[in-house]
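In what follows, every chain begins at residue 1, and chains take the letters A, B, ... in the order their sequences are listed.
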Protein chains: 2
Amino acid sequence: MSENALYEELMRQLSAVGSVRRDLGRIVPFGCSDGAATVLTLLGRHGAMRIGQLTELLGVNPSATSRHASHLAMLGWVDRTLDPADQRSRIVHLTPEGHEQLAELSDRRSQELAKRLTNWRDKDLHQLAHLLSRLRADFDDPGTGQHAYKAPSEDAHRARPPAA
Amino acid sequence: MSENALYEELMRQLSAVGSVRRDLGRIVPFGCSDGAATVLTLLGRHGAMRIGQLTELLGVNPSATSRHASHLAMLGWVDRTLDPADQRSRIVHLTPEGHEQLAELSDRRSQELAKRLTNWRDKDLHQLAHLLSRLRADFDDPGTGQHAYKAPSEDAHRARPPAA
DNA sequence: TATTGTTATACTCTATAACTATA
DNA sequence: TATAGTTATAGAGTATAACAATA
């Protein structure tokens, strides 16, 4: 069972990389928490969506998502409009100011990463992102060998929702 | 600057993988927190060491490390002996019971990973661990292109300190 | 009756700052 | 005076459970 060594090593690195996340998480728009900032980036990447979808992407409890969305709404960076298809849900979407804040946020975090990962090639960055994506997909749903990794689009850096 | 898309994708995946970490983090010995469990695994992997070294490996503030160590000491799973070379420091090391708890913890977490990552090859696991290690090393110290990744040893799964 | 969100509450983790003891 | 660690405190994140509104 020395197989375990590989799993243990992965767990340690998964744990240790938390410090990188925390460092990046300190780069936030004024008045915005890291959790709310994450919601902002998800809306920019995937477009407007309901709390439930955000919750799934975040991999957290709906209560956390709800609070982050409220926070962003209070800042005026998102609006929550009733879903015509299901009045229980509201669709969360970025406001113009939300777009601005997100663009600045993305730039600042990207610059920080670029500064620190000077010796990383695109290939490495992509591969790590890909493996992480696959890890989460398989972990959440061990059944399928496939997972829905989608390479970042050419437009992703604009932080605009894809034809929301 | 569509370069940013790669960084943004990496950030998103780094953030999203937190849910995997939280899931694994719920597997802990009774009475032990995830933070304390992490200290346990570090002691198992690297052997007895001072709070300062643990702090560096954890990538957190010394105060957090101190509290986890206290917690473990209270459980009787580690001892803290004065460092003969510097009386300000104490060396944290696993007790026999700490070893037992760690072994069980490692087994349980590994089994969980094995169950969920059935379609992962050793090569994939190793590569992801490697990239994560490199990410943290380069992020913390962008100067050097080298980093101190050490492949898991054959004995790592025994969770014994290497000739502590 | 089941589902989507929201809110209140509790627990854990981390950072900051003040403090003790030793180098 | 500088450093290693500890403790108290505060801020942020998530999960649980109870609740409201709609399907």
Side-chain angles (χ1 to χ4, degrees), chain A residues 14-40 42 49-75 78-92, chain B residues 14-40 42 49-75 78-92:
Chain A
L14 230 37
S15 178
V17 87
S19 71
V20 173
R21 263 222 342 243
R22 283 193 298 277
D23 279 354
L24 287 172
R26 284 187 203 102
I27 300 177
V28 285
F30 181 74
C32 181
S33 67
D34 183 29
T38 302
V39 168
L40 221 50
L42 287 177
M49 67 184 99
R50 306 192 305 175
I51 293 287
Q53 298 173 280
L54 276 169
T55 296
E56 193 166 341
L57 289 172
L58 286 168
V60 300
N61 191 281
S63 64
T65 313
S66 179
R67 234 197 31 208
H68 294 320
S70 294
H71 188 174
L72 290 174
M74 220 159 40
L75 290 167
V78 305
D79 272 338
R80 288 172 293 182
T81 59
L82 277 175
D83 183 346
D86 184 340
Q87 306 261 335
R88 290 173 303 184
S89 293
R90 287 190 290 179
I91 295 177
V92 186
Chain B
L14 230 37
S15 179
V17 86
S19 71
V20 173
R21 260 224 340 244
R22 284 193 298 277
D23 278 354
L24 286 172
R26 284 188 203 101
I27 301 176
V28 286
F30 181 75
C32 180
S33 67
D34 183 30
T38 303
V39 168
L40 221 50
L42 287 176
M49 67 184 98
R50 306 192 306 176
I51 292 287
Q53 298 172 280
L54 277 170
T55 295
E56 192 166 342
L57 289 172
L58 287 168
V60 299
N61 192 282
S63 64
T65 313
S66 179
R67 232 196 34 204
H68 293 320
S70 294
H71 188 174
L72 290 174
M74 219 154 43
L75 290 167
V78 305
D79 273 338
R80 291 174 290 184
T81 58
L82 277 175
D83 183 346
D86 184 340
Q87 306 260 335
R88 290 172 304 182
S89 295
R90 288 190 289 178
I91 295 175
V92 186

Looking for any heavy atom pair under 4.0 Å, which part of the strands does [X] touch: base, sugar-phosphate only, or nothing?
X	value
A/His71	nothing
B/Asp83	nothing
B/Ser63	base
A/Arg80	sugar-phosphate

Nearest to the side chain of [X], which nucleotide is it out of [options]?
X	options	result
A/Arg50	D/dA15, C/dT12, C/dG5	C/dG5
A/Arg88	C/dA2, D/dG13, C/dT6	C/dA2
A/Asn61	C/dT6, D/dT16, C/dA15	D/dT16
B/Asp86	D/dT16, D/dG13, C/dT22	C/dT22
B/Arg67	D/dT14, C/dT7, C/dC13	C/dC13

For atom [atom1] of [X] and atom [atom2] of [N], their distance in whole Å:
X	N	atom1	atom2	answer
A/Leu82	D/dT22	CG	P	9 Å
A/Leu58	C/dG5	CG	C1'	15 Å
B/Ile51	C/dT14	CD1	P	13 Å

